[in-house]
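Beneath this line is the structure, given in structure tokens, with notes to follow.
Quick note: residue numbers are just sequence positions, from 1. What you are looking at is a predicted structure, and each value in this text was computed from that prediction instead of being measured.
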Amino acid sequence: MAFDVSKTCCFTGHRPNRLPWGEQENHPNALACKALLAMEMEQAWQHGYRRFFCGMALGADLIFAEAVLACQQVHPDITLLAAIPCEDQTRGWPEDQKTRYQEILRCIAPQNIILIQRKRTRDCMLRRNRFMVEHSQRIIALYDAKSSGGTHYTLSYALSQKLERVIINPVTLDVTEHFFPAS
């Protein structure tokens, strides 16, 4: 699949156990984060971003995917791209989250669903995250600035690849942006 990387944005964020509201997505901080994501999506669209990669993991990823689909209702030229790390990504998930995942996938054209590898391996999530960063110019993150793990790794890799960064702290609701001047 070929992309204009300069018009592609990827996302990374915490799983429910690292979000201050856990699985309670109607919590005021969760709603505030969703509003900030919507605002950042609109800003990205205004700057020409039309493709948005999501790793489709539990927690922040599914929130992001739903934000992209909502933005698509206003801007039909937006495309949600799903980077699936392995065929059984939802193994062990609660049934309601599996249903949510499938509902999101049904909204994505088949050619926009990228399976990184068939079998689950120790590094399939890492490979998925690297793929998204390598095919993007901007990253939006829901990151608390202190947790280690996949979100921290993906942001560090995005920094090494010189991606534009928007970081929303789900605890403080601060937004940090780092953009590069147009060349």
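Pairs of residues two or more places apart, or lying in two chains, that qualify as ring-ring contact (aromatic ring centres under 6.0 Å, His included) and include a residue from residues 15-51 are Trp45-His75.
Between the side chain of Arg51 and the main chain of Ile78, no donor-acceptor pair closer than 3.5 Å is present. A side-chain donor-acceptor contact under 3.5 Å links Arg15 to the backbone of Gly13. In this structure, Arg128 contributes its side chain and Gly55 its backbone to a donor-acceptor pair below 3.5 Å.
Nearest heavy-atom pair across Cys124 and Gln117 is CB-NE2, 3.3 Å. Of all non-hydrogen atoms in Leu19 and Ala60, the two that sit nearest each other are CD1-N, 4.1 Å. Ala83 and Met132 get closest at one heavy-atom pair: CB-CG, 3.7 Å. In this structure, Cys33 and Leu173 approach most closely via the heavy-atom pair SG-CD2, 3.5 Å. For the residue pair Lys7 and Gly48, the shortest heavy atom distance occurs at CD-O, 3.1 Å. Contact record, Arg18 with Asp144: O-OD2, 4.2 Å, taken as the closest heavy-atom pair.
Residues that satisfy the side chain to side chain donor-acceptor pair (under 3.5 Å) test with Glu66, not counting sequence neighbours, are Arg100. Partners of Asp123 according to the side chain to side chain donor-acceptor pair (under 3.5 Å) rule, which considers only residues two or more places apart in sequence or in another chain, are Thr121.
Lys146 places none of its side-chain heavy atoms less than 4.5 Å from the side chain of His152. Residues Phe64 and Leu37 form a side-chain contact, since some pair of their non-hydrogen atoms from C-beta on lies under 4.5 Å apart. Residues Arg138 and Leu163 have side chains not in contact (no heavy-atom distance under 4.5 Å, counting atoms from C-beta outward). Inter-residue side-chain proximity for Leu80 and Asn112 is flagged as unmet; no heavy-atom pair is nearer than 4.5 Å. A heavy-atom distance below 4.5 Å is found between the side chains of Val175 and Glu40. Annotation: side chain of Thr99 is not in contact with side chain of Gln102 (no heavy-atom distance under 4.5 Å). Using a 4.5 Å heavy-atom threshold, the side chains of Val166 and Ile139 count as separate. Tyr153 has its side chain within reach of Arg130: a pair of non-hydrogen atoms, C-beta onward, lies under 4.5 Å apart.
Distance CD/Gln24 to CG/Leu31: 11.5 Å, rounded to 0.5 Å. Note that the CD1 atom of Ile116 and the CD atom of Gln89 stand 10.0 Å from one another [nearest 0.5 Å]. Atoms SG and CD, on Cys107 and Gln72 in that order, are 8.0 Å from each other to the nearest 0.5 Å. Taking CZ of Phe11 as the start and CG of Leu62 as the end, the distance is 10.0 Å to the nearest 0.5 Å. Note that the CG atom of Leu155 and the CD1 atom of Ile140 stand 11.5 Å from one another [nearest 0.5 Å]. From Ile167, atom CD1 reaches atom OG1 of Thr151 across 11.0 Å, with rounding to the nearest 0.5 Å.
Evaluated for a side-chain contact (heavy atoms from CB on, under 4.5 Å) with Phe52, the options Ser136, Cys9, Cys10 yield exactly one hit, Cys9. When each of Ile84, Asp61, Leu58 is tested with Tyr101 by the rule side-chain contact (heavy atoms from CB on, under 4.5 Å), just one qualifies, namely Ile84.
In the model, Tyr143 has no side-chain atom that pairs as donor or acceptor with a side-chain atom of Arg165 under 3.5 Å.
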For this session: Determine, stepwise, if the pair Tyr157 / Asn129 fulfils side-chain contact (heavy atoms from CB on, under 4.5 Å).
Result: CA-CA 9 Å; Tyr157 188 59; Asn129 295 345; over 6 Å; no

For this session: Apply the test side-chain contact (heavy atoms from CB on, under 4.5 Å) to residues Gln137 and Thr8: give CA-CA distance (whole Å), side-chain angles for both, the deciding distance (0.1 Å), then the verdict.
Result: CA-CA 6 Å; Gln137 182 61 41; Thr8 303; over 6 Å; no

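More than 12 heavy atoms of other residues, nucleotides or ligands sit less than 6.0 Å from atom CD of Glu42.
Met125 and Trp93 fall into different hydrophobic clusters, where Ile, Leu, Val, Met, Phe, Trp and Tyr side chains are chained together by heavy-atom contacts under 4.5 Å. Neither Leu159 nor Ile168 shares a network with the other; the hydrophobic side chains, linked directly or stepwise wherever heavy atoms of I, L, V, M, F, W or Y lie under 4.5 Å apart, form separate groups for each. Placement of Leu105 and Leu115 within a single hydrophobic cluster is found when ILVMFWY residues are connected by side-chain heavy-atom separations under 4.5 Å, directly or transitively.
Using a cutoff of 4.0 Å between basic side-chain nitrogens and carboxylate oxygens, Lys34 and Glu25 are scored as salt-bridged.
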